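Numbered from 1 within each chain, the chains take letters A, B, ... in sequence-line order. Below, all heavy atoms of this structure are taken into account, side chains as well, without hydrogens, waters or symmetry copies. Keep in mind the model is a prediction, meaning the values are calculated, not measured.
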Amino acid sequence: MQDARFERVLLRRPDLRTSFPRKFAARLRTQTVVRVDRRGKYLLIELSSGDTLVMHLGMSGSFNVEAGSSARAEADKHDHVVFEMSPSATITFNDPRRFGFMDLVTRKAMAGHATLSKLGPEPLSPDFDAAVLARACKGKKTSLKVALLDQRVVAGIGNIYASEALHRAGLSPRRKASTIATRGGAPLDSAVRLTAAIKAVLIDAIDCGGSYAADGGRFRVYEREGNHCLTKGCRGSIKRITQIGRSTFFCPVCQK
DNA sequence: ATTGAGACCTGTCGGC
DNA sequence: TGCCGACAGGTCTCAA
């Protein structure tokens, strides 16, 4: 991908949830890829022009990469963007629900970017530890589940993994986020467990190829309402509640 | 400032 | 069979 060059950019369906910036295709053309990066759920492609191509897959977005210079023989109705690259490759962005988006951000604008610059730590980096999580939750009036979905607390946790991590940590999603904050500067035991659980859940997810990879049913609580809790020795059953309009799955017996 | 509700979009599924 | 409503996901906008 590095040094690849954008030869042609086709917007087949430009009306995604957030519209493309003006002259999107023209600004990309002839640019080469300097670096490919990621922050939270955002994909960042640094270009030779100094601009960064910021992309988000929303919930149903995906990329298809093929050798050759022409788009798929039969374009899918949800193929919204096609990048023709050199050396010869075609990258197609497909997104049935159109929640994904793309933006071009200048070097100057990256630094103070309204969303990107406020993202919390990367959960799998050493920067993310119990003390950092505890500090981010300090004074928060929201529930623990809602705090985990806040990308400023920690970057990249979505609705599924928020439930999964809380179950592994044995913490109730309804508990106030501030109750895991530090006491006398030292992170509480629950912050230590939650930090470890977040990392473990994400590592497992990556190993399995993501939430929607084949062989479903590997979640411990997500979409398991009414089923028995998988925690060793726990005889509880999984409940579903709604928090800020989203489903939360948890075991009321072993998550405190 | 922080928080929550609503909007956005479409495929799928259950119920009638 | 077909229609209809509910629901899923992530983030932005707007209003308390």
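Here A:D150 pairs with A:K140 in a salt bridge; the nearest charged N to carboxylate O distance falls below 4.0 Å. A salt bridge links A:D51 with A:R27: the closest approach of a Lys/Arg side-chain nitrogen to an acidic carboxylate oxygen falls below 4.0 angstrom.
Checking C:dT11, B:dC9, B:dG11 against the side-chain heavy atoms of A:R98 singles out B:dC9 as nearest. Minimum atom distance to the side chain of A:I244 is reached by B:dG4, of the listed B:dG4, C:dA8, C:dT11. Among B:dG4, B:dG11, B:dC9, the nucleotide with an atom closest to any side-chain atom of A:F99 is B:dC9. Candidate nucleotides B:dC9, B:dG4, C:dT11 were compared by shortest atom distance to the side chain of A:T142, and B:dG4 ranks first. When distances are taken from the side chain of A:K77 to each of B:dG11, C:dC12, C:dA8, the shortest belongs to B:dG11. Side-chain proximity of A:K41 to C:dT11, B:dT3, B:dT10: nearest is C:dT11.
Residue A:T115 has a polar side-chain atom (N or O) positioned under 4.0 Å from OP1 or OP2 of C:dC12. Phosphate contact (OP1/OP2 of C:dG10, side-chain N/O of A:H56, threshold under 4.0 Å): absent. For C:dT11, one of the phosphate oxygens OP1 or OP2 lies less than 4.0 angstrom from a side-chain nitrogen or oxygen of A:Q151. For B:dG11, the OP1/OP2 oxygens have a side-chain nitrogen or oxygen of A:H78 closer than 4.0 Å. For the OP1/OP2 pair of B:dA1 and a distance below 4.0 Å, the side-chain nitrogens and oxygens of A:K141 include no atom meeting the criterion.
Using a 4.0 Å heavy-atom criterion, one finds that A:S60 contacts no nucleic acid atom at all. As judged by a 4.0 angstrom heavy-atom cut-off over every strand, A:R97 is placed among the base-contacting residues. Among the atoms of the strands shown, only primed sugar atoms or phosphate atoms (P, OP1, OP2) are found under 4.0 Å from some heavy atom of A:G158. Residue contacts for A:R152: at a heavy-atom cut-off of 4.0 Å it reaches no nucleic acid atom on any strand shown.
In summary, the side chains of A:E46 and A:T52 do not present any donor paired with an acceptor at a separation below 3.5 Å, with no hydrogens or angles considered.
Nucleotide C:dA8 holds its P atom 8 Å from the CD atom of A:E223, rounded to whole Å. The separation between A:K118 atom NZ and C:dG10 atom P is 21 Å, rounded to whole Å. Look at CZ on A:F101: it is 12 Å from P on C:dG10, rounded to the nearest Å. In this structure, NZ of A:K145 is placed 16 Å from P of B:dT3, rounded to the nearest angstrom. Taking atom OH of residue A:Y161 and atom C1' of nucleotide C:dA8, one finds them 15 Å apart after rounding to whole Å. Rounded to whole Å, atom C1' of B:dT10 lies 10 Å from atom NE2 of A:H80. One atom, CG of A:D150, and another, P of C:dC12, lie 12 Å apart when rounded to the nearest Å. For the pair A:L119 CG and C:dG10 P, the computed distance is 14 Å after rounding to whole Å.
Judged by distance alone, the side chain of A:Q243 and the main-chain N or O of A:K145 form no donor-acceptor pair under 3.5 Å.
Every side chain to side chain contact (heavy atoms under 4.5 Å, CB included) that A:R29 has, sequence neighbours left out, goes to A:A25.
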Using distance only, find each side-chain donor-acceptor pair of residues 122-136 of chain A under 3.5 Å and give its atom names and separation, not counting sequence neighbours.
residue: A:E122; atom: OE1; partner: A:R38; partner atom: NH1; Å: 3.0
residue: A:E122; atom: OE1; partner: A:R38; partner atom: NH2; Å: 2.9
residue: A:E122; atom: OE2; partner: A:R39; partner atom: NH1; Å: 2.8
residue: A:E122; atom: OE2; partner: A:G40; partner atom: N; Å: 2.8
residue: A:S125; atom: OG; partner: A:E122; partner atom: O; Å: 3.1
residue: A:S125; atom: OG; partner: A:D127; partner atom: N; Å: 3.1
residue: A:D129; atom: OD1; partner: A:A131; partner atom: N; Å: 3.2
residue: A:D129; atom: OD1; partner: A:V132; partner atom: N; Å: 2.9

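The 5' end of DNA chain B is approached more closely, in terms of each residue's nearest nucleotide, by A:S143 than by the other of A:S143 and A:R246.
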